[in-house]
Amino acid sequence: MTLRLHDTLSGETRPFTPIEPGHARIYSCGPTVYGPAHIGNFRSFLFADVLVRYLRFRGMRVTWVMNFTDIDDRIIQRANEAGESIEALTERWIAQFTADAAALRMTTPDVLPRATRHIDEIASLIGALEAGGHAYRTDDGSIYFRIASWPTYGRLARLDPAQMRVGERVEADDYGKDDVRDFALWKGPRPNEPTWDTSIGPGRPGWHIECSAMSMRHLGETFDIHTGGVDLIFPHHEDEIAQSEAATGRDFVRTWLHCAHLRLGGEKMARRVGNIARVADLLAAGVSPRALRYVLISVHYRQAVDYTDSSLAAASAAVDRLDSLVTALETYRESAGNSDPSLPEVLAAGRQKFEAALDDDLNISAALAALFDLVRDLNRRIDARTLSTTDARSGLDLLRDVDRVLALLPDAPAELDRQASGLLAARKVARDERDWVRSDALRDELLARGIAVEDSRDGQRWRRVDGAR
RNA sequence: GGCGACGUGGUGAAGUGGCUUAACACGGAGGUCUGCAAAACCUCUACUCACCGGUUCGAAUCCGGUCGUCGCCUCCA
């Protein structure tokens, strides 16, 4: 089986074959660092994360690039309002993003380019567009891309440029464009705005051009996969295609992948709507980061997801179920037992189902179903005591293996602090003496410390539980 | 106005022509195990896939229509 992916441009789901055999080059549109990313943004980043993880799981080398947009209108506005430098502002929000991403176990991209560090590449790209007759200058020193010069403009979004509604408001700075639908490649210098002196003159980059410049700089003129939220299809990605292909004369991206929206209250989560939830706030409120990750990745990426309290609670319970199994397998001891003869087959079949599901355009719901089928099967065998200690280890190994893609399992066996392990030891003594009152009191005390203790045939087993769920 | 996606149980969601009288997760009811608890396991929890009509030996799955929801056409993940 090979991985099949749904390409937005062609509308087809087709086998993924990287340009360089065994090496996938992926670009993901990253955050504009003018404020905190919300969990809707993170849905699209985590979708790319799962893709990258899965390709690596399948043995492929992956170069993953995710940019930071660290110069744009909103950033300038925020910095001016706060009387803060743009650098200080963007550094702060990059740090916040990095922390949020880490909490959600997002793989760190191989390259995290910033627009302000690719001004030369941007300028030379715009220069090439000018030379090719695809761009023109206006009186204020801005440079625009001429949509009329690109016949296939609108193909990605399936929009007919002639039918496009033109926004009612025409901003003052857009004055002088040949066509209102033309988009800015370069913005001429203005008071209270940063300016770079470049080969194409002074000014600052427009939004779309940075992604073309950075992706091509780090991945080549044609690369394998470009990801983003569906709201980036138009105009952002449409513009990227036009300007990149017009500049190089080559196909820009082989496969376009777009993630559907996260909704809250029935609407797309968006700052404008005001229905946003931030990672840091949720974590501060006691939400388990792994449960949050589960909510964000557990539905197919092209399907809109509603974020609700009950979806979070359900995710939390599902993650707990995984945790319980991990703990049970880790503590399982059956010295007398022989190996369970049917186990290897069950594990192999489970893994195969998991892979087959993800191969089908990253059908993660089906992959999770395969995982949970395996969870039930392993729990049964634990209950029935048919496993050997080694078998339990094999089961655990498989869970850890598929978790390279999911990143939902608890971290490798955590150490208990001295006090907690003391309490646990004391409880064992109490239990050996059948002192139930003391045993129960110690259990309560451990729970108050966030450690749930359960008694099993393998003795006491414990796992960490998060406070509020 | 143009374009597109979607509508499956109490909830989320997979399935897109026969293997499904519909996975998996959450929730609910009952039971087993256990000093208790928790976890786990077992049984049950949609004769049905928005609605109407059609194609077919056969449809949740294909076609047409109706209703509804959401998204894009403007900054947006």
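As a basis for the values below, the full set of heavy atoms in this structure was taken, side chains included, without hydrogen atoms, waters or symmetry mates. Everything quoted here is computed from the prediction, not taken from an experiment. Chain A is the first sequence line, chain B the second, and so forth, proteins listed ahead of strands; every chain is numbered from 1.
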Once base and sugar-phosphate atoms are separated, protein heavy atoms under 4.0 Å mark nucleotides 23-32 of chain B, 5' to 3', with B, S and - as BSSS------
Remember a base hit wins even if backbone is also touched, and classify [X] as base, sugar-phosphate or nothing at under 4.0 Å, heavy atoms.
| X | result |
| --- | --- |
| A/Ile382 | nothing |
| A/His258 | nothing |
| A/Arg431 | base |
| A/Ala328 | nothing |
| A/Ile233 | nothing |
| A/Asn363 | sugar-phosphate |
| A/Ser439 | base |
| A/Gly228 | sugar-phosphate |

Could you tell me which non-hydrogen atom of A/Ala315 sits nearest to which non-hydrogen atom of A/Val295, and how far apart they are? CB-CG2, 3.3 Å
Check the side chains of A/Trp64 and A/Thr107 for a donor-acceptor pair under 3.5 angstrom, ignoring hydrogens and angles. no
Quick one: do the A/Thr116 and A/Asp70 side chains pair a donor with an acceptor below 3.5 Å? yes
A/Asp160 (side chain) and B/rC3 (base): donor-acceptor pair under 3.5 Å: no
Side-chain donor/acceptor of A/Arg43 to base of B/rA77, under 3.5 Å: no
[X] side chain, from C-beta outward: closest of [options]:
| X | options | result |
| --- | --- | --- |
| A/Glu267 | B/rG71, B/rC36, B/rA77 | B/rG71 |
| A/Val299 | B/rA77, B/rA13, B/rC41 | B/rA13 |
| A/Asn379 | B/rC41, B/rG35, B/rA77 | B/rC41 |
| A/Pro235 | B/rA77, B/rC75, B/rG35 | B/rC75 |
| A/Phe45 | B/rC72, B/rA38, B/rA77 | B/rA77 |

Counting only Watson-Crick or G-U wobble pairs whose two distances fall under 3.5 Å, which nucleotide matches [N]?
| N | result |
| --- | --- |
| B/rC51 | B/rG65 |
| B/rU43 | B/rA29 |
| B/rG58 | none |
| B/rG1 | B/rC73 |
| B/rA13 | none |

Given that A/Ala304 and A/Asp377 both sit by RNA chain B, which one's nearest nucleotide is further toward the 5' end? A/Ala304
On RNA chain B, more 5' by nearest nucleotide between A/Arg380 and A/Arg272 is A/Arg380
A/Phe42/A/Phe97 aromatic ring centres below 6.0 Å: yes
Would a line drawn from the ring center of A/His258 to the ring center of A/His237 be shorter than 6.0 Å? yes
Please report the distance, rounded to the nearest Å, between NE2 in A/His6 and C1' in B/rU16. 15 Å
Going through the distances and angles, do A/Phe145 and A/Asp239 end up as a side chain to side chain contact (heavy atoms under 4.5 Å, CB included)? CA-CA 9 Å; A/Phe145 184 88; A/Asp239 292 351; over 6 Å; no
Are the charged groups of A/Glu330 and A/Arg393 less than 4.0 angstrom apart, N to O? no
salt_bridge(A/Arg293, A/Asp49) N-O dist < 4.0 Å: yes
